[in-house]
Amino acid sequence: MAESRSHWGSRFGFILAASGSAVGLGNIWKFPYITGTNGGGWFVLIYLACIIFVGLPILAAEIMIGRSAQKQPVVAFEVLQGKKTGWSLLGWLGMIAAFVIATYYIVVAGWTMDYTLKHLVDFSKPVRAVAIEKSLEYQANESLEAMKLTLIEDRADTLAKPLLAEIENRLPPSAWRLHREFEDALNQDGLDQPASWKKNTLEEKRRNLLINPAMAQAVAQVESLQGALAEARSTAKSEATTEIDTLSADEIRIQATTKFRYGLIGDAMTAKFMALLEDGWTSTFWAVLFMALTMAIVASGVGHGIEAACRVLMPVLLAMMVGLVIYAATLPSFGEALSFVFKPNAHALKPSGVLEALGHAFFSLGIGLGAIITYGSYQKSKGRLFGESAWIAGLDTGVALLACMMMFPIIFAFGQDPGAGPGLVFISMPLAFAEIGSGGIVLGAIFFCLLSFAAITSAISLLEVCTSYLIDRWGWSRGRSTLVIGLMISFIGAIVAFSSGEGFVFSSWTSGFGMNYFDTLDFLASNWMLPLGGLFIAIYAGWFLPKRLRDAEVADEHPVMYAIWLFLIRLIAPAMVIVVLAQKIGLFDANEALYNIVH
Ligand code: TRP
């Protein structure tokens, strides 16, 4: 079998394919929005540290395992251990994770294709026309005073944010949580009760709730801050008023009208995206089409399919990206965006953000489930292990940062919130493209086409992990394996597409509750399976991989580099992952822990 195994055409081909796997929706869709919600700056630095100290060593470990075994993960652990052991389960865990991720990945990837087409046919034209008409009406009919008030309120909200965050930091997160529970319990039902009765029950309820000493303390603490909070709000308001007072009447009219128009277009874009989420048939159509393209590439083989596709798609992707970054650099908001991404800003970052950074580093590098073990198994040439890993991680991180530099200037130029969350790509960006007008059609089409390219080179690796099992273990032909696995993924993908309409599909990316089918899959795979897989891969490569095999893979590395890698893979990477998992199980709350350390 070993002689007939397919291999990459060159080392460069391997690096391109593995970077293709790494660079995906995670880089362009998720990274900018978690950077936005975590306030940029520090989050980016911490993300970089996670990539270097945890991601890179595990990436190298995966390549090492694959290259050494020349088999896909399930089979690889048997080959390396010389017999079936519990480690093979690790291969299975990875395959299941790949399958699960693929089923929802193709749905989101399908949406990017849908949006590419939508921009090509200028779908925002009617939206734009209505918005312009209505905003002219607004400009003509709304009083100057009212316009001024909306501008002041808007500006005050922005100014108040850091002030309120500072006050929030004075209490442990648990106090705020308990206070929220208290308020929720108070406000439950009672809405349609007679006023006198309602008042009674409210007081009764309040008394009952406050019997709990922890809650009583939390409520007292939070209530003692009400004055400070109100003061912060009024400071923000008066600063905002002073600022807006310096504007001329014309400026006020222009700004308020623009804001009004953004609001209209934003609502329309949200409605359009929601309509797509609710439309199971359209989502399924695109997801299946996307899967079919992926299958065609994987079925064509390692060199002629995967490598060839990545050789074309990756450079085109990079070129499109650089093009959009150049466009973004012409916007006046470019400087603001750069300082948002790169300038450390402490108030928005919480320890839970640090853990999110580590989790995302796994997803973004595409490690933890053996995709890179599989890719490594198609490599004949030995050596340069760390160099290859550095290239892959460097490209992945570079693209994630470029994605920020391309999106945030556009987001800022059109007055949008960088912390908008998951809707950043499918709502805020289309809004901005619509505002740009006809040039926006081209920019939008390029942007979404770039996203689908990034997605397809990633989906390939997810499919390949599963396909390679049927090839390596059952001796199936590549075409037949691809077809069977591809159809299975498409089928489950269709269910995901139909299930996504029930609520806001992305909720799990921010919170873990109220999950539908889609959310549950993502939650399971990226929060549990990848870190667990990564943990065991690190432990295996560091402690259990036969030394002679490990030495053979790093024979050409500098002994100091090797020693550093061994230290990271044996101790640091496992320890970091365990901390992340412990927080997820709920063993501790990182935000609370930091509060207690600081105070
Ligand atoms: N890295 C890809 C992204 O950022 C997703 C992906 C592809 C992946 N292959 C993977 C994630 C393997 C984990 C494991 O979108």
Side-chain angles (χ1 to χ4, degrees), residues 16-35 47 50-51 54-55 58-59 61-63 66 72-73 90-91 93-112 290-291 294 297-298 306 309-310 313-314 317 321 357-376 392-393 395-404 422 425 450-468 489 509 521-537 577:
L16 269 188
S19 325
S21 161
V23 172
L25 296 172
N27 301 59
I28 306 171
W29 171 49
K30 196 173 178 194
F31 183 74
Y33 94 66
I34 56 178
T35 300
Y47 176 76
C50 292
I51 291 277
V54 184
I58 297 183
L59 181 65
E62 285 205 25
I63 303 178
Q72 74 92 33
L90 185 49
L93 175 78
M95 262 174 69
I96 295 170
F99 189 91
V100 166
I101 294 178
T103 59
Y104 65 81
Y105 205 81
I106 61 170
V107 177
V108 182
W111 294 337
T112 65
F290 178 84
M291 192 67 220
T294 312
I297 295 172
V298 170
I306 304 177
C310 291
L313 295 175
M314 291 302 286
L317 181 149
M321 224 172 168
L358 185 67
H360 184 64
F362 273 73
F363 187 85
S364 184
L365 286 174
I367 56 177
L369 55 70
I372 301 297
I373 296 185
T374 312
Y375 275 18
I392 300 164
L395 275 169
D396 185 55
T397 310
V399 168
L401 294 178
L402 275 180
C404 290
V425 156
L450 172 173
L451 265 163
S452 14
F453 282 10
I456 203 163
T457 55
S458 294
I460 290 172
S461 84
L462 295 168
L463 177 58
E464 180 63 26
V465 178
C466 303
T467 302
S468 63
I489 294 176
W509 293 85
L521 291 184
D522 173 52
F523 180 75
L524 269 180
S526 42
N527 285 312
W528 287 101
M529 293 176 165
L530 290 188
L532 269 179
L535 172 64
F536 285 108
I537 287 172
V577 178

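Values below: every heavy atom of this structure, side chains too, minus hydrogens, waters and symmetry copies. In each ligand, atom 1 is the first atom listed, and ligand 1 is the first ligand listed.
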Inset, instruction - For a side chain to side chain contact (heavy atoms under 4.5 Å, CB included) with Ile392, tell me which candidate from Ile63, Thr397, Ile372 qualifies. - result: Ile63

Inset, instruction - May I ask whether Trp29 has any heavy atom positioned less than 4.0 angstrom from an atom of ligand 1? - result: no

Inset, instruction - Anything under 30° is parallel, anything over 60° is perpendicular, the rest tilted; go ahead and classify His360 against Phe31. - result: parallel

Inset, instruction - Give the atoms of ligand 1, by number and element, whose distance to some non-hydrogen atom of Leu462 is under 4.0 Å. - result: 9 (N), 10 (C), 12 (C)

Inset, instruction - Just jot down the ligand 1 atoms closer than 4.0 angstrom to any heavy atom of Asn27, in number order. - result: 4 (O)

Legend entry - Derivation of the side-chain contact (heavy atoms from CB on, under 4.5 Å) call for Leu530 and Leu369: CA-CA 6 Å; Leu530 290 188; Leu369 55 70; 3.7 Å; yes

Inset, instruction - Indicate yes or no for a side-chain donor-acceptor contact from Ser21 to the backbone of Ala17 under 3.5 Å, with no hydrogens or angles considered. - result: no

Inset, instruction - Examine distances only and state if a side-chain atom of Ser458 and a backbone atom of Val23 form a donor-acceptor pair shorter than 3.5 Å. - result: yes

Legend entry - Close-contact set for ligand 1 against Tyr105 heavy atoms, below 4.0 Å: 2 (C), 3 (C), 5 (C), 15 (O)

Inset, instruction - Answer yes or no: is there a donor N or O on one side and an acceptor on the other, between the side chain of Thr294 and the main chain of Phe290, under 3.5 Å? - result: yes

Legend entry - For atom 9 (N) of ligand 1, the protein heavy atom that lies nearest, with its residue and separation: Ser461 OG, 2.9 Å

Legend entry - Leu25 N/O to ligand 1 N/O under 3.5 Å: yes

Legend entry - Numbering as shown, the atoms of ligand 1 that approach Gly26 to under 4.0 Å (heavy-atom distance): 3 (C), 4 (O), 15 (O)

Inset, instruction - Look only at interatomic distance and state if Ala22 has a nitrogen or oxygen under 3.5 Å from any nitrogen or oxygen of ligand 1. - result: yes

Legend entry - Best match, Phe31, Phe363, Tyr375: closest heavy atom to atom 11 (C) of ligand 1: Phe363

Legend entry - Short side-chain to backbone donor-acceptor contact, Ser364 and Ala361, under 3.5 Å: no

Legend entry - Glu62 side chain vs Gly368 backbone, donor-acceptor pair below 3.5 Å: yes

Inset, instruction - Give the residue, atom name and distance (to 0.1 Å) of the protein heavy atom nearest atom 7 (C) of ligand 1. - result: Ser21 O, 3.3 Å

Inset, instruction - For ligand 1, note which part of Leu530 has a heavy atom under 4.0 Å away: side chain, backbone, both or neither. - result: side chain

Inset, instruction - Give the atoms of ligand 1, by number and element, whose distance to some non-hydrogen atom of Gly24 is under 4.0 Å. - result: 3 (C), 4 (O), 15 (O)

Legend entry - Protein contact of atom 13 (C) of ligand 1 - nearest heavy atom, named by residue and atom, plus distance: Gly366 CA, 3.6 Å

Inset, instruction - Identify, by atom number and element, the atoms of ligand 1 in contact range of Leu369, meaning under 4.0 Å from any of its heavy atoms. - result: 12 (C), 14 (C)

Legend entry - Intermediate values then yes/no, side-chain contact (heavy atoms from CB on, under 4.5 Å), Tyr375 and Glu464: CA-CA 9 Å; Tyr375 275 18; Glu464 180 63 26; 4.1 Å; yes

